[in-house]
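In each ligand, atom 1 is the first atom listed, and ligand 1 is the first ligand listed.
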Amino acid sequence: MTILGIETSCDDTGIAIIEGAEQEGELRFRILAHNVSSQASLHAPYGGIYPSLAKREHEKNLPLVLSQALKEAKLSSVSPKIDAISVTVGPGLSPCLWSGVNFANNLAAQWSLPLIPANHIEGHILVSLLREEEDFFILPRDASLFPMLSLIISGGHTQLVLAKAFGAYEIIGETRDDAAGECFDKTARILGLSYPGGPAIAQQAELWRAKHTAQIQKSKFEIKLPRPMEHTKDYDFSFSGLKTAVLYDYQSRPEEERKSSEYVQEMAYNIQEAIADVLVKKTMQAARTLGVASVVLGGGVAANTRIKAKLSSTLSQEMSETKFFASKPSLSGDNGLIPAIAGLAHASQKTSAPLEANPNLRVG
Ligand code: KG4
Ligand code: ZN
């Protein structure tokens, strides 16, 4: 079947068209079109996402991204050969979700097509499991993946999701305040780095690490950041204290020192290490206690090579039998494949009734 996926849960307007089917227990599909319009530069001056601005941009971009996608897939814009429209209904920012859901409802009425509601977190999990073979993408569905533990980290979410089977999810831990990506974004702003802060911090951190590893540079500022909730027995996270510690350290330094590239690089390195330490520690604690068969890393922050490498190496050292899956960096951020794949996996949930957005939707 051919599915058109629409994603607008945050600040990316994504549309993908995929064609696939279940084959020998796996979902096999081809990507016919995959287009994302990013609003990052628009939100940069605010250091975070401005929901009403994001909604207006989604409404402006959706028809443009759709026409690009139909063209790429060589489909008619009057009555395209599509079997269903899958749209992200939650979780996410309410005005943003509604712009995608309203657009999907109108398209479905215009083209007389059924709709499939997609959960954004499940979509991130499924995208992270994909394997590429020639021009096909394959979503494994075998029972040996379970129990499966997913760490989904983005600008809006930090969740540990346990799955006993596809569709049988339970959130076993999540952030009590800021999300991991939000912590990257907010601390980057303190340091005067660009938005989105994650890639900016990662880049500065790598500059420092390269010099440090080559023993060209020693730690100069003796920065000590906390690892919030590292030792608690639950699987929850907290990142707002880390952000405050960065702010206090920054404010305690003379202007000349805190504006120096050496300080920014060393602080960026320490921020990335603190976030990576907490994420890896909590994920390993859950993986061990629950005896999972696979660990999945997804969401925009999964593009961070340090977090991915640290989780992967700790897992192979301590639980070598456990499989590790991480989304391709090009697919870790928000995009139309997220709802398209969730839609293909839940094709049986097709409905002819208009959908509603649910900003607080929980997976499971
Ligand atoms: O999943 P996503 O595209 O959108 C949300 O659902 O939030 O994630 C965006 C987040 C931003 O906070 C951004 O700073 C972060 O992902 N991010 C990164 C990296 N690339 C993007 N964080 C750390 N390292 C990266 N390389
Ligand atoms: Zn996301």
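For Asp334, the N, O or S atom closest to the Zn ion (ligand 2) goes by the atom name OD1.
Here the closest non-hydrogen pair linking Glu356 and Trp98 is CA-CH2, 3.7 Å. Residue Ser327 comes nearest to Ser332 through the heavy atom pair OG-CB, 3.1 Å, listed as atom of the first residue, atom of the second, then distance.
Listed by number with element, the atoms of ligand 1 under 4.0 angstrom from any heavy atom of Gly155 are 5 (C), 7 (O), 8 (O), 9 (C), 10 (C), 12 (O). Listed by atom number, the atoms of ligand 1 under 4.0 Å from Gly181 heavy atoms are 12 (O). Under a 4.0 Å criterion applied to the non-hydrogen atoms of His120, ligand 1 contributes the atoms 6 (O). Each of the atoms 13 (C), 14 (O) of ligand 1 lies under 4.0 Å from some heavy atom of Pro196. Ligand 1 places these atoms under 4.0 Å from at least one heavy atom of Gly156: 7 (O). Contact atoms of ligand 1 toward His124: 1 (O) (distance under 4.0 Å to a heavy atom of the residue).
Residue, atom and distance of the protein heavy atom nearest to atom 17 (N) of ligand 1 are Gly300 O, 3.7 Å. Here the heavy atom of the protein found nearest to atom 15 (C) of ligand 1 is Val301 CG2, 3.8 Å. Scanning the protein heavy atoms around atom 14 (O) of ligand 1, the nearest turns out to be Asp185 OD1, 2.7 Å. Shortest contact from atom 3 (O) of ligand 1 to any protein heavy atom: Asp334 N, 3.1 Å.
Nearest to atom 25 (C) of ligand 1 by heavy atom, out of Gly198, Cys183, Pro329, is Gly198.
In the displayed structure, Arg131 atom CZ is contacted under 6.0 Å by more than 12 heavy atoms of other residues, nucleotides or ligands.
Between the Zn ion (ligand 2) and His120 there is an N/O/S contact shorter than 2.8 Å. The Zn ion (ligand 2) lies at 2.8 Å or more from every N, O or S atom belonging to Cys10.
Checking Asp178 against Ser240 by side-chain atom types alone, no donor-acceptor pair falls below 3.5 Å. A donor and an acceptor atom, one from each side chain of Thr351 and Gln349, are nowhere located under 3.5 Å apart.
Aromatic ring orientation, Phe221 versus Tyr263: perpendicular (interplanar angle above 60°, classes split at 30° and 60°). Using a 30° and 60° split on the angle between ring planes, His124 and His120 fall in the perpendicular class, above 60°.
Two residues are said to be in side-chain contact when any heavy atoms from C-beta on lie closer than 4.5 Å; Leu225 and Glu273 fail this criterion. Side-chain contact between Phe103 and Thr8 is absent, with no heavy atoms from C-beta onward closer than 4.5 Å.
The N/O atoms of Gly333, backbone and side chain alike, include none that comes under 3.5 Å of an N/O atom in ligand 1. Where the criterion is an N or O separation shorter than 3.5 Å, residue side chain and backbone included, Asn304 meets it with respect to ligand 1.
Judged by distance alone, the side chain of Asp83 and the main-chain N or O of Ile3 form no donor-acceptor pair under 3.5 Å.
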